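Some notes on the structure that comes next.
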Amino acid sequence: VGSFSVWHWIIVFFGLLLPLFFILRPAPLGHNRFGEPPAPVNFIEAIRSFYKNYTNFTGRASRSEFWYATLYTFIVSNALDLVDSSGLVTGAFGISGLVPAIAVTTRRLHDINRSGWHLLLFWLFPVGTMALFVWYWTPARPKTGA
């Protein structure tokens, strides 16, 4: 059975305790500092916004915009995977969609009054990834009010 080594403690710290510091810290109270709340969008509008705002890391993205963009990338990636056996086209689509995906995810975090830098919690698996998934489903914070 043995005892915990230094490496075990490092894994516990970076895998569990460090993400919990950012996760359990509440979003700032009061109005949403990232601007006006976005309107819900349909599937086509979400795809347009995904490509139109591909380098826009400011403002907010609604839950529908985020999830429709995620659904779009999932569907296109899987369709390309079925057609392209080499994976080159699928890889090119994935690389070309990386910056727009980070941008829409950052704007989605802004919608719940969290900094886009919280996206880095993705790398602190499993705790950080689960927190991000919960935040993606969290309703928007209004511009004014508590």
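Counting begins at 1 with the first residue of the sequence. Every value quoted in this text rests on a predicted model; they were computed, and no experiment measured them. Keep in mind that the numbers below use all heavy atoms, side chains included, and drop hydrogens, waters and symmetry copies.
Separation of atoms CE (M130) and CZ (F125) is listed at 7.5 Å; rounding is to 0.5 Å. For the atom pair OH of Y72 and CZ of F50, the computed distance is 7.5 Å after rounding to the nearest 0.5 Å. Summarising the geometry, atom CG belonging to L20 is positioned 11.0 Å from atom CZ belonging to F13; distances are rounded to the nearest 0.5 Å. Rounded to the nearest 0.5 Å, atoms CZ (R107) and CZ (R60) are 12.5 Å apart. Note that CD1 of I47 and CG of N42 are 9.0 Å apart. Values are rounded to the nearest 0.5 Å. In this structure, CD1 on I112 lies 10.0 Å from CZ on F34, to the nearest 0.5 angstrom.
Grouping the Ile, Leu, Val, Met, Phe, Trp and Tyr side chains by contacts below 4.5 angstrom, directly or via other members, places V134 apart from L18. Note on V6 and I11: separate hydrophobic clusters, where clusters join Ile, Leu, Val, Met, Phe, Trp and Tyr whose side-chain heavy atoms are under 4.5 Å apart, directly or indirectly. Linking ILVMFWY side-chain heavy atoms closer than 4.5 Å, directly or via other members, places I95 and V104 in two distinct hydrophobic clusters. Linking ILVMFWY side-chain heavy atoms closer than 4.5 Å, directly or via other members, places L80 and L82 in two distinct hydrophobic clusters. Put simply, I75 and V83 are part of two different groups of oily side chains (I, L, V, M, F, W, Y) that touch within less than 4.5 Å, one to the next.
Using a 4.0 Å cut-off between a side-chain N of Lys or Arg and a carboxylate O of Asp or Glu, R108 and E65 do not qualify as a salt bridge.
Residues T106 and W117 form no side-chain contact, since every pair of their non-hydrogen atoms from C-beta on lies 4.5 Å or further apart. Taking the side chain as every heavy atom from C-beta outward, F22 and L124 never approach each other to under 4.5 Å. By the 4.5 Å heavy-atom criterion applied to side chains, V12 and H8 are not counted as neighbours. In this structure, W135 and L121 have side chains that are in contact, with non-hydrogen atoms separated by less than 4.5 Å. Contact of the L17 side chain with the W9 side chain is not registered, since no non-hydrogen atoms from C-beta on lie closer than 4.5 Å.
Counting all heavy atoms, side chain and backbone alike, L109 lies closest to G116 at CD1-O, 4.1 Å. The nearest pair of heavy atoms linking F93 to S96 is O-OG, 2.9 Å. Shown here for D81 and T90, the closest heavy-atom pair between the two residues is N-OG1, 3.4 Å. When all heavy atoms are compared, the tightest approach of S62 to P40 is OG-CA, 4.0 Å. Of all heavy-atom pairs spanning P38 and A61, the tightest one is CG-C, 3.6 Å.
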- Task: Walk me through it: do D111 and F66 pass the test side chain to side chain contact (heavy atoms under 4.5 Å, CB included)?
- Result: CA-CA 11 Å; D111 200 32; F66 171 78; over 6 Å; no
- Query: Given the rule in the side chain to side chain donor-acceptor pair (under 3.5 Å) test, do S115 and H118 qualify, once you have shown the distances and angles that lead to the verdict?
  - Reply: CA-CA 6 Å; S115 169; H118 282 95; 4.7 Å; no
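Judged by distance alone, the side chain of T73 and the main-chain N or O of T70 form a donor-acceptor pair under 3.5 Å. No donor-acceptor pair under 3.5 Å is formed between the side chain of S49 and the backbone N or O of E45. Using modelled atom types, one side-chain atom of S64 and one backbone atom of V41 make a donor-acceptor pair closer than 3.5 Å. At least one donor-acceptor pair closer than 3.5 Å links the side chain of D84 to the backbone N or O of L88. Listed for the N113 side chain is a donor-acceptor partner under 3.5 Å among the backbone atoms of R33. Side chain of T129 to main chain of F122: a donor-acceptor pair is present (N/O by atom type, distance under 3.5 Å, no hydrogens or angles). Side-chain atoms of N53 do not come within 3.5 Å of backbone N or O of N56 as any donor-acceptor pair.
Environment of OH in Y54: sparse, with no more than 12 heavy atoms of neighbouring residues, nucleotides or ligands closer than 6.0 Å.
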